[in-house]
Amino acid sequence: MKYVAILHIDDAGYGITLPDFPGAFSSADTLDEVLADVQTIVELWFEGEPDKELPSPTEAKDLVNHPDLEGGILTLIDVDLSFLNKKAARINISVPKYLLLKIDKAAEKANMNRSAYLVESALKRAEKSL
C-alpha cells in the first residue's frame, strides 16, 4: 500500500517521517538507507500492539500545510503490509522419517506441538541470519 512520506535532506544526511504513522521516522547517511528503513519503522510502529488499527493513507493534497513538510520533499512510499496477516497457513514439507521422529521428541520435550516447534526453530535461525 502506498503511503505519503516526507523526506528531509541536510548536511547531516537524510530523514524521513510518515505522517500516517505518528512518531514513525528514520534517519540515515544515504537516501537508499533511509528509504530502506521505511518498512522497518512501519513494522516497529505496530510492534507490541497487535490490535492497533491500520491507518488509511492520507492524500498528498491534504498535507500541504503539514508542519513536517516545511523544507521537506513529499513522496509516496510502498509499504508491504503482509506482516499484519497473522492467519495460519498450512504448508507441506518433506522430512526423512528418522528426522521427523527426532523433531517430534524435541517438540514433546519442549511441551510444544510439531508445528509450533518447527516455526520457533525456523524463526530462531532466520533471526540469526538477518
Side-chain angles (χ1 to χ4, degrees):
M1 184 173 286
K2 296 214 184 272
Y3 281 93
V4 174
I6 301 171
L7 180 67
H8 288 271
I9 305 166
D10 61 25
D11 293 339
Y14 298 82
I16 197 161
T17 57
L18 304 170
D20 293 318
F21 300 90
F25 69 93
S26 184
S27 61
D29 293 331
T30 69
L31 180 59
D32 287 341
E33 288 173 330
V34 81
L35 293 175
D37 285 348
V38 170
Q39 184 68 38
T40 302
I41 63 175
V42 170
E43 290 178 21
L44 287 172
W45 191 80
F46 281 98
E47 194 168 283
E49 299 184 51
D51 297 331
K52 190 180 262 189
E53 285 196 33
L54 178 67
S56 298
T58 300
E59 291 190 39
K61 66 180 176 77
D62 295 334
L63 292 171
V64 171
N65 295 317
H66 194 284
D68 288 344
L69 186 56
E70 187 175 330
I73 301 166
L74 201 60
T75 186
L76 287 177
I77 300 287
D78 194 25
V79 178
D80 178 7
L81 299 172
S82 63
F83 71 95
L84 294 173
N85 186 350
K86 306 297 185 201
K87 186 177 177 185
R90 182 175 289 277
I91 62 167
N92 289 324
I93 63 170
S94 297
V95 180
K97 198 90 160 146
Y98 79 96
L99 289 179
L100 190 58
L101 292 172
K102 282 184 167 186
I103 290 167
D104 286 344
K105 283 181 184 179
E108 184 178 341
K109 188 176 179 180
N111 293 319
M112 300 172 82
N113 64 43
R114 181 190 296 156
S115 292
Y117 184 81
L118 288 171
V119 168
E120 183 178 288
S121 298
L123 283 174
K124 283 180 183 176
R125 185 173 179 120
E127 288 170 357
K128 286 181 184 178
S129 69
L130 296 177

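Values reported hereafter were calculated over all heavy atoms of this structure, with side chains retained and with hydrogens, waters and symmetry mates removed. The shown structure was predicted, so the numbers you read here are calculated from the model rather than taken from an experiment.
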Verify the cluster assignment for Leu54 and Val38: are they in a single hydrophobic cluster under the rule of side-chain heavy atoms below 4.5 Å apart? yes

Establish whether Ile93 and Tyr98 are linked, either directly or via other cluster members, by ILVMFWY side-chain heavy-atom contacts under 4.5 Å. yes

Heavy-atom side-chain contact between Leu7 and Leu31 under 4.5 Å: yes

Test of understanding: clusters of I, L, V, M, F, W, Y form through side-chain heavy atoms closer than 4.5 Å, transitively. Do Leu99 and Met112 belong to the same one? yes

Between Ile73 and Val64, is there a shared hydrophobic cluster once you connect ILVMFWY residues whose side-chain heavy atoms come closer than 4.5 Å? no

Check this for me: Phe46, atom CZ, are more than 12 non-hydrogen atoms of other residues, nucleotides or ligands nearer than 6.0 Å? yes

Are there over 12 heavy-atom neighbours, none belonging to Glu33, within less than 6.0 Å of that residue's CD? yes

Which heavy atom in Thr17 sits nearest to a heavy atom in Phe25, and how many Å separate them? CG2-CB, 3.9 Å

Shortest non-hydrogen separation from Trp45 to Pro22 and the atoms involved: NE1-O, 2.9 Å

Give the other cluster members for Leu101, using side-chain heavy-atom distances under 4.5 Å between Ile, Leu, Val, Met, Phe, Trp and Tyr residues; answer none if it is isolated. none

Any side-chain heavy-atom pair from Ile41 and Ser26 closer than 4.5 angstrom? yes

Is atom NZ of Lys86 surrounded by more than 12 heavy atoms (other residues, nucleotides or ligands) closer than 6.0 Å? yes

Can you get from Phe21 to Met1 by hopping between Ile, Leu, Val, Met, Phe, Trp and Tyr side chains that sit under 4.5 Å apart? yes

Distance col, row Asp104:CG vs Leu118:CG, nearest 0.5 angstrom, shows 8.5 Å

Is the count of non-hydrogen atoms from other residues, nucleotides or ligands lying under 6.0 Å from Asn65 atom CG greater than 12? no

Could you give me the CA-CA distance, side-chain angles and deciding distance for Glu120 and Lys124, then say whether side chain to side chain contact (heavy atoms under 4.5 Å, CB included) is met? CA-CA 6 Å; Glu120 183 178 288; Lys124 283 180 183 176; 3.5 Å; yes

For Phe83 and Val42, what are the C-alpha separation, side-chain angles and deciding distance, and is it a side chain to side chain contact (heavy atoms under 4.5 Å, CB included)? CA-CA 10 Å; Phe83 71 95; Val42 170; 4.1 Å; yes

Could you give me the CA-CA distance, side-chain angles and deciding distance for Tyr3 and Leu81, then say whether side chain to side chain contact (heavy atoms under 4.5 Å, CB included) is met? CA-CA 11 Å; Tyr3 281 93; Leu81 299 172; 4.3 Å; yes

Interatomic spacing from OG in Ser82 to CG in Asp80 - rounded to 0.5 Å: 3.5 Å

Determine whether the side chains of Asp32 and Thr30 contain a donor N or O and an acceptor N or O closer than 3.5 Å. no

Hydrophobic cluster of Val4, others only, ordered by chain and residue number, side-chain cut-off 4.5 Å: Ile6, Leu63, Leu69, Leu74, Leu76

Heavy-atom nearest pair, Ala5 first then Pro19, reads CA-CD, 4.4 Å

Step-by-step side chain to side chain contact (heavy atoms under 4.5 Å, CB included) determination, Ile16 to Asp37: CA-CA 9 Å; Ile16 197 161; Asp37 285 348; 5.8 Å; no

Within 6.0 angstrom of Lys52 NZ, more than 12 heavy atoms from elsewhere: yes

Less than 4.5 Å apart, any side-chain heavy atom of Pro57 and any of Lys2? no

Any side-chain heavy-atom pair of Lys105 and Lys109 under 4.5 Å: no

